[in-house]
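Structure record follows, encoded as structure tokens.
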2 protein chains.
Amino acid sequence: MSKSKRLLDLMMTVNRKRKFTVKELADEFNVSSRTILRDLQELGELGVPLYSEVGPHGGYQVLNERILPPIAFTEEEAVAIFFASHALRHYKYLPFKQESLSAQHKFYNYMSGDVRDRIDEMKNRIDFLTPVRQAEFPYLSLLLEAATGQKVLLIHYESKGQGKERWIQPVGIYAHNGLWYCPAYCFLRGDIRVFRCDRIRSAGYDESGPAARDLRHVHLGNKEGYSSHTGQGDESLVRMWVELGHGGVQACEAELWSSPLLHIRADGTGWLEGEIQKSDLGFFARFAIGLCDEATVQEPPELVAEVKRTLTGMLARYK
Amino acid sequence: MSKSKRLLDLMMTVNRKRKFTVKELADEFNVSSRTILRDLQELGELGVPLYSEVGPHGGYQVLNERILPPIAFTEEEAVAIFFASHALRHYKYLPFKQESLSAQHKFYNYMSGDVRDRIDEMKNRIDFLTPVRQAEFPYLSLLLEAATGQKVLLIHYESKGQGKERWIQPVGIYAHNGLWYCPAYCFLRGDIRVFRCDRIRSAGYDESGPAARDLRHVHLGNKEGYSSHTGQGDESLVRMWVELGHGGVQACEAELWSSPLLHIRADGTGWLEGEIQKSDLGFFARFAIGLCDEATVQEPPELVAEVKRTLTGMLARYK
DNA sequence: CTAACTATGACAATACCTGTCACTATCATA
DNA sequence: TATGATAGTGACAGGTATTGTCATAGTTAG
């Protein structure tokens, strides 16, 4: 095997195993240790951040940087990667924000002139709009770390105007419409609740808290277990039925909570039907009103009454 | 310069200039043509897709694939790139959909085991939710291509129940809340309008259409020139003033059209103020009603009347 | 103290790289 | 049709770079 090829192979090998000894590689490549030493030095000069420690249990290590072996990307793929990163630029808070940007810049800089031109041409021609919120989300990384690591956090959560301390074990985080949410097991409620991340006033690990539960099987992909839009509520349920016009169906498709309730007819109209918590009546009343003549509440009577009451109140303001 | 280094350099060089001759490179690297020929063959064996043509104006070319030179990515950066691509997975329609996925897979495959583990751990713990719409967006790539290339398209557009043929020159495309929009110069209206891409029933280049205008300076970054939410409307303007509660401000922040109109007070409340088209009164009435007690229309009188009329109508349905 | 590591230098053998030259093949274009 | 620009191949000699071996030294965990 030629030296050039060996160097490229070596590059990949040292990245695969982050820690290794010279002898190990020498055996693997069927060359002498001396050669491997020389090769490693050369790799270092080429930019691979190697670090070595002498002594027993010593050896070589690749530092936090990793060299990607040369990958054949099509031009389209390179552009796609660039725009995937570009798509997230409206997020003011993002776990990986920094890294995403620096990776994007590296990519851009390594690309040849004509691909750059294409990207420049395109980057003002395609966009993914997300509402820019004033809310602050300082704990996203921490929440994500706690979710992957199955750890318990003590948070100070502001709910309905009052702040409360709670122990939670995050399931994950998700962004929706410019806001970040965190489904988590709440030790206070003894169930999974969805928290709005901008209402988390503080968060941190707390040794004195309850022991972590095994929630590895619960993740964002199986959130049937989550409760409704607010994460609040009690156990008293009631059946709801709301008729929807064409536009009402479209509006509901944009709502996360609606998918289990939404039924669509062939002509584009549809209806919402299902059990809801009584404490959510106010929410649904407002939602139905927001759809104007595209939604008509049929059940339950309490919801009809709430809608009528709200409408009357609104009308009164304009008298 | 050692051969190994030259090969790496060569890799980058042939990617920079997609087309080149052997002599060119020989001069650039100060080696003989014979050596370059040998090097190029070796590069070919290493995976660089080279193609050559003999004769005058012949030369070497790199085929559509490009090799990225080895880039040092930190682990965090690699993860960030992965999740940028991951973030777009809820988009059923996406220009670059295929490429984004294949690039993501390549990335994933080249990463070492422990980074993969980290990604696997995380990918069900972070998400970017976008409403999944039933609407179809088959012309995104075409629209984008027309926007970057300053070309005129003939589209069949469904607006208010009726279909019309129009010549448009796209400015760009953007996704918002699960739907794709396309601001474009409309030759029918003689102005820039926003089209909903799922209502474009057909699109294609048309030689018989009007000549393209020079709209290179108009792009998504300077869309002040765009008209309101619907892209429809006439020239008669009227001043609007809507008082907003705390929640009303938050709701407005999520709307694209509101930013030039929205004013926020220190206490979190605010108001909408500005000139609007009379034809949009119905839209704003519905919007204000959707905010329930979080919005109170002050001006213009027509809007107040429209709100009252709509509210009365809604209330009537529940009598 | 020892074993397991890295680290460096010197040197000889040799494998590989390089340039040169000679030749062939293809193709655009004058 | 002739010509020049281009790729492509093979052979060969000279030279350089690569490699393995050996010697030696430094560091550190156990």
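To find a chain, count down the sequence lines: A is the first, B the second, and so on, and within it residues start at 1. These values consider heavy atoms only, across backbone and side chains, with no hydrogens, waters or symmetry-generated copies. Everything numeric here is computed off the predicted structure, so don't read it as measured data.
- Taking atom CZ of B/F29 as the reference point, atom P of C/dT18 lies 12 Å away to the nearest angstrom.
- Remark: P of D/dT9 and CD1 of B/I36 are 16 Å apart, rounded to the nearest angstrom.
- Remark: B/S52 is not in phosphate contact with D/dA7, judged by side-chain N or O atoms under 4.0 Å from OP1 or OP2.
- No more than 12 heavy-atom neighbours from other residues, nucleotides or ligands sit within 6.0 angstrom of NZ on B/K5.
- The pair A/K23-A/D27 counts as a salt bridge, with a side-chain nitrogen and a carboxylate oxygen less than 4.0 angstrom apart.
- Of the candidates D/dG30, D/dG20, C/dT26, D/dG20 carries the atom nearest the A/R38 side chain, counting heavy atoms from C-beta on.
- Rounded to whole Å, the distance from NZ on A/K23 to C1' on C/dA7 is 17 Å.
- The two atoms that bring B/L88 and A/A84 nearest to each other are CD1-CA, 3.7 Å, heavy atoms only.
- Distance check, rounded to the nearest 0.5 Å: CG of B/D9 to CG of B/L25 gives 11.5 Å.
- Of the N and O atoms on the side chains of B/T74 and A/E99, not one donor lies less than 3.5 Å from an acceptor on the other residue.
- When heavy atoms are screened at a 4.0 angstrom cut-off, B/G58 is found touching no nucleic acid atom at all.
- Spacing between atom NZ of B/K19 and atom C1' of D/dT6 amounts to 10 Å, rounded to whole angstrom units.
- For A/H57, the side-chain atoms get nearest to D/dA29 when compared with the rest of D/dG8, D/dA29, C/dG19.
- Rounded to an integer number of Å, the gap from A/D39 CG to C/dA7 P is 14 Å.
- Counting to the nearest Å, the C1' atom of D/dG20 and the CG atom of A/D27 are 15 Å from each other.
- Listed candidates were C/dA3, D/dG20, D/dT6. Nearest to the side chain of B/V54 is D/dT6.
- The 5' end of DNA chain C is approached more closely, in terms of each residue's nearest nucleotide, by A/E53 than by the other of A/E53 and A/R34.
- Between B/R216 and A/E121 there is no salt bridge, since no side-chain N of the basic residue sits under 4.0 Å from a carboxylate O of the acidic one.
- Annotation: proximity of residues 1-16 of chain A to DNA chain C (heavy atom, distance under 4.0 Å) is found for no residue.
- Checking D/dG8, C/dG19, D/dA29 against every side-chain atom of B/Y60, the shortest atom distance belongs to D/dG8.
- You'll find the ring centres of B/Y108 and B/H105 outside the 6.0 Å limit.
- Counting non-hydrogen atoms of other residues, nucleotides and ligands closer than 6.0 Å to CD of A/Q98 gives a total of 12 or fewer.
- Judged purely by distance below 3.5 Å, without hydrogens or angles, the side chains of B/Y205 and B/E207 never pair a donor atom with an acceptor atom.
- Summary of helix geometry: the two end axes of the helix from C/dC1-D/dG30 to C/dA30-D/dT1, each defined by five base pairs via their C1' atoms, are inclined to each other by 40° (rounded to 10°).
- For B/R6 and B/F29, the positive end is not near the middle of the six-membered ring at less than 6.0 Å and at most 45° from its axis.
- Closest to the A/V31 side chain, of the nucleotides C/dG19, D/dT9, D/dG20, is D/dG20.
- The interatomic distance linking A/L50 (CG) with C/dT6 (C1') rounds to 13 Å, in whole Å.
- Distance, B/Q41 CD to C/dC16 P: 16 Å, rounded to whole Å.
- Residues A/G55 and A/T35 both approach DNA chain D. Their nearest nucleotides, taken by heavy-atom distance, put A/T35 toward the 5′ side.
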